[in-house]
Student: 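Supplied in structure tokens, the structure appears directly below.
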Amino acid sequence: MILEVYSKALYSTWIYYAPERILFDAGEGVSLTMGNRIYAIKYIFLTHGHVDHISGLWTIINSRNNSMGDREKPLIVYYPKGNTAVEEWLQFILKVNGDLRFELSFVPITAGQKIFLRQAGSFARYVVPFKVRHTQYDQSLGYNVIEVRRRLKEEYKNLSQAQIARLSRELGQDSITESYEKKVLTISGDTYGIDPEDAFETEILLHECTFLKKEDRKMNAHASLDEVLSIAREAKVKKLILYHISSRYSGKIEKYLKNLSEESFEVYYVDPNELFTM
């Protein structure tokens with residue numbers, strides 16, 4: 001399992017990325033669903049301060065502080081700098097957990113910062129936030145999980161395997177390869193559409209899709225299906241997962257998605273009434 005997602009617009013949204021033990025957002029019910037696995041969470045990245053994305057944070061912290069699980073593991077909560085709703089919520093959680101018995105950090109972040117998760121030799125994996133458009137007064141971020149990988153330099157790509165092996169022995173592996181950044185996961189957060197460049201060539205794009213019919217939208221705060229598909233095409237993503245779908249479409253989501261077989265990417269969706277795993 002790479003991803004575990006629960007998302008029902010206005011009620012609760014959270015995304016668990018297992019390879020790095022990251023929770024993106026912490027909506028209501030996340031602790032109830034994850035159970036003792038909340039002790040495995042190393043990082044929480046909050047996209048914005050609306051209650052359906054942050055209300056479950058209190059239970060995570062309270063449970064890790066008061067139950068019999070492992071209190072040796074630290075927890076770092078990253079959030080959009082200047083988001084007063086998040087800051088006040090975090091202060092409240094600290095106030096009601098005055099006897100905190102594990103290491104807990106709250107870290108404000110801004111677009112473009114690199115938050116390193118792992119580094120070993122030439123391999124590195126990190127999170128980079130980017131700005132998204134949501135409500136007028138709420139600082140909101142989306143997130144990219146990025147890997148640094150190595151590939152053969154352009155001038156050697158047409159050589160045979162035997163020629164490449166010989167060059168590697170003579171010049172060394174580092175001389176014939178180059179490092180590059182690869183987006184492996186992009187999380188939109190709540191928005192009425194990310195800049196396709198922010199998700200360009202990502203392997204998995206999780207984009208909110210509150211409205212399957214654009215005509216149902218009353219305010220420019222959330223995205224519609226047509227807009228998200230356009231973003232995914234322009235961004236040349238490999239897989240698209242639609243989440244934050246309004247419960248008004250429960251039981252009839254397939255009807256809106258039935259003509260997507262000709263898209264160049266795989267399309268999945270998070271049913272508002274079910275836990276999604278990939």
Student: Tell me whether K183 is salt-bridged to E203, with the criterion being a basic N under 4.0 Å from an acidic carboxylate O.
Tutor: no

Student: Looking only at side chains, do S160 and Q163 share a donor and an acceptor under 3.5 Å apart?
Tutor: yes

Student: If only side-chain N and O atoms count, and only distance matters, is there a donor-acceptor pair under 3.5 Å linking T202 with T186?
Tutor: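 Judged by distance alone, the side chains do pair up.
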
Student: Before we go on, tell me: are the rings of Y249 and Y256 under 6.0 Å apart, centre to centre?
Tutor: yes

Student: Side chain of D271, backbone of N273: donor and acceptor closer than 3.5 Å?
Tutor: yes

Student: Using a strict 4.0 Å threshold on nitrogen-to-oxygen distance, state whether E178 and R149 make a salt bridge.
Tutor: no

Student: Y269 pairs by side-chain contact (heavy atoms from CB on, under 4.5 Å) with which of I253, L212, L260?
Tutor: I253

Student: Side-chain contact, heavy-atom cut-off 4.5 Å: K239 with Y268?
Tutor: yes

Student: Do other residues, nucleotides or ligands put more than 12 heavy atoms under 6.0 Å from K214 NZ?
Tutor: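 Counting neighbours around NZ of K214, 12 or fewer heavy atoms of other residues, nucleotides or ligands fall under 6.0 Å, so no.
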
Student: With sequence neighbours left out, write down each residue that passes side chain to side chain contact (heavy atoms under 4.5 Å, CB included) with E72, or none if nothing qualifies.
Tutor: D70

Student: With clusters defined by side-chain heavy atoms of hydrophobic residues (ILVMFWY) lying less than 4.5 Å apart, directly or transitively, does V51 cluster with V86?
Tutor: no

Student: Determine, stepwise, if the pair I204 / M278 fulfils side chain to side chain contact (heavy atoms under 4.5 Å, CB included).
Tutor: CA-CA 11 Å; I204 302 174; M278 173 181 278; 4.1 Å; yes

Student: Can you see whether F116 has R125 sitting over its ring - NZ or CZ less than 6.0 Å from the centre and within 45° of the normal?
Tutor: no

Student: Ring-plane angle category for H244 and H222, please: parallel below 30°, perpendicular beyond 60°, tilted otherwise.
Tutor: parallel

Student: Should E254 and K258 count as an ion pair when the cut-off is N to O under 4.0 Å?
Tutor: no

Student: Any side-chain heavy atom of P74 sitting closer than 4.5 Å to one from F102?
Tutor: no

Student: Is it the case that over 12 heavy atoms from other parts of the model lie below 6.0 angstrom from the NZ atom of K153?
Tutor: yes

Student: Quick check: do L57 and L90 have side-chain heavy atoms less than 4.5 Å from each other?
Tutor: yes

Student: Do E208 and S188 have side-chain atoms, one donor and one acceptor, less than 3.5 Å apart?
Tutor: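 No, because no side-chain N or O of E208 sits under 3.5 Å from a partner of the opposite role on S188.
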
Student: Quick check on E28: does its CD atom have over 12 non-hydrogen neighbours (other residues, nucleotides or ligands) under 6.0 Å away?
Tutor: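 Atom CD in E28 is not packed in, count stays at 12 or less.
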
Student: Okay, side chain of N144, backbone of V128: is any donor-acceptor separation there less than 3.5 Å?
Tutor: no

Student: Excluding sequence neighbours, so at least two apart, what forms side chain to side chain contact (heavy atoms under 4.5 Å, CB included) with I2?
Tutor: Y17, P19

Student: Quick one: are W89 and W58 in side-chain contact, heavy atoms under 4.5 Å?
Tutor: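 With C-beta onward as the side chain, the pair touches.
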
